[in-house]
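Please read the structure below before turning to the comments.
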Amino acid sequence: MESNIYKLLGLPNTAMPEEVENAYTFENAKLSEERFKSGIEGNEAARKLNDLNIEYRMYKDNQNQKQQGGNTGFEEVDRLIKSDNIDAAQSLLDGMMDRNGEWHYMQSIIFYKRDWISECRKHLNMAINLDPTNQKYKNALDKLDQVVGNGQANAQNFGSQARYSNNQSDYRRGQTDQLCNCLLCYCILSSCCR
Amino acid sequence: MFGYVLPVQEKLKNQEYALYNAFYCGICLDIKDRLGEFARLATGFDMTFFAILLSDITAQNVEFRVCKCIGNPLHKKSVVCRNTLMDTVADISVILAYYKIQDDIQDNESIKSKFVAKLFRKAYIKARTSSPQVDLLIRQSLQNLENLQKDNDISIDRLSHPFGELIKQLTILVAGDKTSDNLERLCYNIGKFVYLIDALDDLSEDIKKGTFNAFLHTLSSGCPEIFDKMTKSQVLDKHGTEIEFAINSTINMCISGFNSLDFSQSYSLLKNIIHLGLRKKLSQILSSKGKLKKSQTSRDMRRTKAQFRDSEKIQNSQSVSTIDEATTVD
């Protein structure tokens, strides 16, 4: 998940890591002092400090992944999945030694593409266990449970939506009975001839 | 054979019901004409679906004829005439049934299965001679499955993959250049569904007899003995969520593949099977204590005269409301 640290520190998204570090150190020190103030002011500072630390941790995690070359590898896996080159994406993923949350997330997408939905779910759970704050993983699991694995989900909502415009379904309805009508005509004809 | 992929009879219009039966009887008579009287027992609901689906996708010129049947000698029936597609489906039915009997012999060494296998052998050889590729595909996939069953740390998706892949390959074989990603996706998941639902249906029997069961094997990481003293409902209490998720997601993947296809002959009949039939079968099996009886499935598929009349009434009222709607729009 993308960190909101830039917003909290009042920096542009293009700010360099050093700028972020300096601004964070300054803001952290300031809020750490302010949280001991009495009343609403102190409480507000404590809340802000908590938010700041969560966002900073997320920012650092993302930075670490980038430094390890993880992200660029996943970008390539993502590109291969999008171009439907699933086997190549799998072998690239198999070659990665650091199996973090993102690795399991990518693996879950590959399983989804192969229609191996139980495996997909298993790897999403693993991704969430390794990175519990990641909203992207949680959203994916929610969708999987509420839609893909849901026996009550509306059957019309699966597959190509565009085919279910009114005109299209009328057109289909017109065509569907073609073979039934053939059989009907045949029955009428054969009973007339008897 | 398996009898898990079938329509919800009550929701079929009379002509759809007649069409479904015409295909079912068509396969049965095809087997009788080409492979022998006894092999007609191999006719099944799953392969009827397969024949209807692929006849539509390949825009087969389906012809009908009227004939009498040993099952109901007093009434003449309309049945689908033989064509190359029906012949191949008949071969697939008999070859699959033959291997299923072989599997039963391996599982329980019963004299009955051995006797049935002997009676089937002639028909199987005829079917194998006329569709050698079908036989090869089925044999390979069963071999793959047997190898996978030895692996203790295996997922339910990996275990159900060979049967899904088999139905996909059979589809490619029959549909030829009319095949498509969505059709293959539908048929792959139909194969997986049959494998999974069969495992769920056999759950109580497999616990009792200690025979291989895909769910018991994967849920226990290859140590199904832990379920030895449990009943089907106890297993479902403990692992129902995973089992239902596996089957529901497979059904929804079938629906997804189906919704993305274009049909020209039997859309509403096929839609009944995919949108309603698969889910109904799952709920029937989940709520039954033991294995579903085949006679029950056959009874579910029979339509009484009263049901015929009711269905007609509903259709008439629907057509009146359609006319009303059209008038309102005008």
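Convention: sequence-line order gives letters A, B, ...; per-chain numbering from 1. The structure displayed is predicted, hence computed values, not measured ones.
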- request: For each of B:K192, B:E63, B:E244, tally heavy-atom pairs with chain A at distances under 4.5 Å, and name the one with the top tally.
  value: B:K192
message: Give the interface residues of residues 113-126 of chain A toward chain B, defined by a heavy-atom separation under 4.5 Å.
response: A:R114, A:D115, A:W116, A:I117, A:S118, A:E119, A:R121
B:K280 atom NZ, over 12 foreign heavy atoms within 6.0 Å: yes
message: Check this for me: A:E33, atom CD, are more than 12 non-hydrogen atoms of other residues, nucleotides or ligands nearer than 6.0 Å?
response: no
query: Does NZ belonging to A:K48 count more than 12 external heavy atoms closer than 6.0 Å?
result: no
- request: Using a cut-off of under 4.5 Å on heavy-atom pairs, state which of B:N252, B:D56, B:N248 scores highest against chain A.
  value: B:N252
query: When rounded to the nearest 0.5 angstrom, what distance separates CD1 in B:I251 from CZ in A:F158?
result: 10.5 Å
message: Please determine whether the number of non-hydrogen atoms from other residues, nucleotides or ligands lying under 6.0 Å from atom CD of A:E21 exceeds 12.
response: yes
query: Taking only heavy atoms into account, what residues of residues 144-155 of chain A are found under 4.5 Å from chain B?
result: A:L144, A:D145, A:V147, A:V148, A:G149, A:N150, A:G151, A:Q152, A:A153, A:A155
query: Above 12 or not: heavy atoms from other molecules or residues under 6.0 Å from OH of A:Y24?
result: yes
